[in-house]
Structure formats: structure tokens, C-alpha cells
Amino acid sequence: MSTEQSTSLASRIGGGLWYGYVGLVALFFMLPLFSLVIASFYDGQIFSFPYEFTTDWYAKALASSSVQSAVLTTAKITIPVTILSTIIGTAGALAYTRHEFAGQELFKIFALLPIFFPLILLGLGMSMWANLTGLGYGVLPAIIGELVWISPIVMFVVSITALSVDPNLEEAAKDLGADTVTLYKDVILPLVSDGIVSGAIFAFVLSWNNYYIVSYLKGSDITVTTWIHGRMTQGFTPIVPALASMIFYLSLTLLVIAVIIELRGDKIKAALSRD
Amino acid sequence: MSTIEKLQHQLGTAGDESILRTLARPPTVFMIPLTVLLVFMFIGPILSIVLYSMMPSNALSLNPATWTVANYAEIIGGVIDGTGVYGEVMSNTVLISVATTLATLVFSYPAAYALARKIKRFKLLFLLALIVPLFTSVNIRVFGWVLFLVKRGVLQSLLGQFGIATPSLLYQEWTIILGTTYVYMPFMLFPIYLSIGAISDETFEAARDLGASRYMLFRDIVLPMSKPGIIIGCLFVFVLSLGAEVEALLLGGGSIYTAANNISYSFGYSQNWPLGSAQAVGLLIITVIAGIVILRTIDLREIASRGS
């Protein structure tokens, strides 16, 4: 009995060490974001203790007309990108996961390849291409450019959900006489809807936070990330951390929602498999 | 019936209409938007990089008659005999990428293992903390590091409270590696996490019943089974850190130049698209090869079955 106790103590300490290490890694991942938040609430240019709390920088960031116009420009890019990449990516995922056809793997590799590209490479190539083809620079080229990187990510996310759907359900629906439109509208799309919603949230957050592609294609328009980048290299003002923190809060909220949706899906799946 | 016969048959019976109908039916109709998008805005830009790289210096339009390998000669010659910045830029870039790949592997592996096998409570919270940075703009995160490390920044103020004086931490080579390690670590952690998570509990129980020690479990099960994750992670991190620009710019303060800095300088300040393109072609080739290897290794079906 005493040996049992000692092994359980040892495994507890071992377990604690694992938790400690993962906790440290999680802290490392969040550290720069915490630094932003700390700086955004600090009253003054240079740190010293005691910490003087203020929300002034947030008020100043929100009142700044250049910030307002950057937010507006970003929204003009992000909203179409979210809608279009969700449609394009979902369609690609359905083609790849719910059908068998010649060249299927080739389609997967081609469609997902942009995910693995360093964004600077995509941005530079797109910038020259936009000049060459007369597409030009501005909101529309930025939308098309972001779609190239974000649609494949949506396709990846929706594919994962679609592949976990039982293909027998589709067969059953076909046997019961469902035509192609009914099959998609009433069977497949509802089954993968959680994946589509997560994909759309990812698309929104990634587009809102995109810097590289937008910086090469935006022309004279200023988006939130390029505004921040411009100010960052010009010397410190706490308005920058305040605005960056607000983006962080928004992204965090949306991602928590995406995770909850995924979790809910898993619970439903678990309940189905139990019955 | 062979495909050609089938096609002839279809053409014979229904004419062009049936081709249109095939195009309008899944899966073809679902592949059209993505394919059109990528051919236009992905293949097109890649082609422009390749074509511009063979144009004379400072050319802003493509002229097939003037093609040249002068840009390549300048870069390769510069790397070999040390003229210009190319040799230094290349060694900086390779050093940063190799160091980043090793650092992310060493720090990710235990965390990925713990998340897959040891962490049960608060797992979602940990995963969220690891995912959130991925969705925050790179320059915002790197700026967060600047605020943390800068003179009289968050770190110095905190340590100063305890009377610990620290030297300036920014603008050094290791600070860039800290930044790239930070930015690209998720791309190492998640593939390894998924590959270790794929090992079934039964495998572990069976091995334990057969008397395997902890070391043997690790050497004969965990390590071999996580190999695909390690390979994907290393390729991912190596390629992405070759393209690291913001990290070097903000954390290195312009004191250390990487290939990505040099490329974007050629495009931005010196307006020399052909020279920038020629430098980008090397990165492009490595990216395409690594991307195809990664995608051939990834089995979406396997990831999906693990998630549920």
C-alpha cells in the first residue's frame, strides 16, 4: 500500500510538471499580447512603478480620424473576404471530401498549397501581377489577394468536418430519392454547418489581422494593420498598443465562439454515437 | 469503356450540352471558383516572380526580347566571392531558420506530448492560449515583444522592482531568433501534437503489459509514431522562417538583414523588381517543394477521424 501511495505521489508530481511546462509555453505564447494590454492601460510614455491605470489611449484611438478610416477600409476588405472565402473554400471542401474523381489528390495539393507559402512571397508576386495585368492596387485587389490565402484555409477547416460525416447518410438520402440540390441543401450542408461557421470565423479573424498581402496590394489605402505598422516604426505612442489590444480582444472573442461551436458539434456527435 | 470512349459516347449522344452539364454538376462546379481564383491570383503571381527575375535591372514591364540571367549572376557571384550583402544575408537567413527550427522542435516536443497524453483538465484553455496568437497579426505580436523587451519596457520595469538591472535586450541576433521561434512555434507544435494524439491508448497498454519501460515506450512507440509530425513541423517552420521579415525588422532594428528584408528592400526602396524576384525565386522553389511534401504527408481523413 505504501508503494502504491508513493507511485501515485510520483505520478502526481510528474503530472504537475507536465502542467507546469505547458503552462509556461502558454504563457510564452500570450506574453507579447499581455505586454500590449499592459502598455495600453498605462498612463504615460515610459514605464515606471507604481502602475498608473488609464483608458485614455483607448478613447484617443477611437476618436482618431485616421484610425476610424483605417477600420472602415479594413471592414471593406474583410467582410467580402469572409463571405467569398467561406463560399469558395466550402465548395472546394465539398468537391474534395464528398466526391471521388480523377486527379483528386492533385486538386487537394493545388488548392491547399497557398497555405504553406510565406506571405511575403505571395504579396510580392501579387503586387507585380497586379501591375502587369492592370488589376491595380486598392480595396478590390486586396480582397482577391487575401482570398488566395484564406479560401484554402476555409477549405481545410470544412474538409476536416466533412470527412467526419458518415458517407452512409448521403447514400441513404440518395436511396430515398433525394436529387442533388435536396441532397446538399437538406443533408450535407446542415451536417457540415459547424465547420462552415468555424471556417467563416477563422476567415474573418485572419483577414482582419492580415498584414503582408494587404501591405503589397492596398495602394494608398490604409488598413488597421498597416496603420499600426506605420506608427510602430515612427516612435512610440500608446495609441498603438490600445488599438492593437482592441484587435486582440475582438479576435479572442470570436475564437472563443468558434471553439464553443466546435465543442458543441463534438458533443452532438458523441451523443449520436452513444445512442 | 475507356474514358475516351465514354467521352465520345457522350459527345455522340448529347453533344456539347453534356459537357456543360458535367461542368454544372458537383464536384466540377464546386472546384471552379477556387481553381479560377488560384490560377488567376496564385499561379499568375508566381509566374511574374519567375519572369521578372529574368529581366534587366530596374525593368518595370516584361519584355521577352531582353531576357537575361544577370540578376542570378549578381546574386550567386555575390554569395561566392563575398561582394555586396548577399553572402552575409544568406548566412544570416540560414542561421536564423536552422536555429528557429531546432528551438521550436526542442520546446514544442514536450508540450505537444503533454497536451496529447498528459493534460486532461483545462486542455481547452491551454489549446486556446496556443491558438489565439496564430490569429493575431504578426506585426502586432512582434510589437508586443518589443514592448516587453525594450529599454524601460515591461520586463525591465518588472525586474527593476526586484532591484535586478538588465542590459538592453533588443536588436541582437538572438532576439530575432526569439521572435521567429515565437511566431512559428505553433506550426511545429500542432503537427507533433496531432501525430502523438493519433497513438491509441491500447498501443500504450499493450506495450506496458509486455513490460516496456518508459524509455522503451518513448523510443519504440512515441518517437517513431510522431515522425510524420516532426517532419511536417520542421519543413513548415524552416520555410516560413526563411520568409521572416517583420521579426528581423522590429526586433533586429535593421542591424541584421535577412533574405526577406533584402527582397522587400529591392522591391520597396530601390524599386528593382527583377533583382528582388531573382532573390525570391530561391525561396519560391524551396517553398513549393516543401509544400508538396507536407501536403502529400498530411492525410485529412486521419486528422478528421482523430477530431471526433
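Chain letters run A, B, ... following the sequence lines, proteins first, then strands; residues in each count from 1.
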The side chain to side chain donor-acceptor pair (under 3.5 Å) partners of B:Thr35 (sequence neighbours excluded) come to none
Worksheet item: Are the side chain of A:Tyr21 and the backbone N or O of B:Phe107 linked by a donor-acceptor pair below 3.5 Å?
Response: yes
Residues at least two apart in sequence or cross-chain that pass salt bridge (charged side-chain N to carboxylate O under 4.0 Å, His left out) with B:Lys118, listed by chain then number, are none
Turns out that what part of B:Arg117 lies under 4.5 Å from chain A's heavy atoms comes down to neither
Applying a strict 4.5 Å limit to non-hydrogen atoms, the region of B:Leu34 in contact with chain A is both
If one checks every heavy atom of B:Ser277 against chain A at 4.5 Å, the contacting part turns out to be side chain
The interface call for B:Leu250 against chain A, heavy-atom contacts under 4.5 Å, is side chain
Separation between CG (A:Leu113) and CD1 (B:Ile294), nearest 0.5 Å, reads 9.5 Å
Exercise. Between B:Tyr113 and A:Trp18, is the ring centre distance below 6.0 Å?
Worked result: yes
Whatever's closer than 4.5 Å to a heavy atom in chain A on B:Phe135 counts as both
One should read off an interatomic distance between A:Leu132 CG and B:Leu47 CG, to the nearest 0.5 angstrom, of 10.0 Å
Output for pair (B:Ile140 CD1, A:Leu33 CG), nearest 0.5 Å, gives 8.5 Å
Turns out that what part of B:Val36 lies under 4.5 Å from chain A's heavy atoms comes down to neither
Item to complete: Determine the interplanar angle of the B:Phe236 and A:Phe116 rings, folded into 0 to 90°, and report it as parallel if under 30°, tilted if 30 to 60°, perpendicular if over 60°.
Response: tilted
Can you check whether B:Leu300 reaches A:Phe156 side chain to side chain, under 4.5 Å on heavy atoms? yes
Most heavy-atom pairs under 4.5 Å with chain A, out of B:Ile131, B:Val132, B:Ile43, B:Ile298, belong to B:Val132
**Asked** Given B:Met41 and A:Leu147, is the side chain to side chain contact (heavy atoms under 4.5 Å, CB included) satisfied, shown in steps?
**Response** CA-CA 9 Å; B:Met41 203 65 178; A:Leu147 281 177; over 6 Å; no
The interface call for B:Phe148 against chain A, heavy-atom contacts under 4.5 Å, is both
Would you check if A:Pro241 and B:Leu147 make a side-chain contact, meaning some heavy-atom pair closer than 4.5 Å? yes
What is the ring orientation for B:Phe30 with A:Tyr184, classed by angle as parallel under 30°, tilted 30 to 60°, or perpendicular over 60°? perpendicular
Between the OG1 atom in A:Thr133 and the CZ atom in B:Phe40, the distance rounded to the nearest 0.5 Å is 4.5 Å
Value for OH (A:Tyr212) from OG (B:Ser137), rounded to nearest 0.5 Å, stands at 9.0 Å
Answer key: most heavy-atom pairs under 4.5 Å with chain B among A:Phe101, A:Trp149, A:Tyr211, A:Phe117 is A:Phe117
Turns out that what part of B:Val246 lies under 4.5 Å from chain A's heavy atoms comes down to both
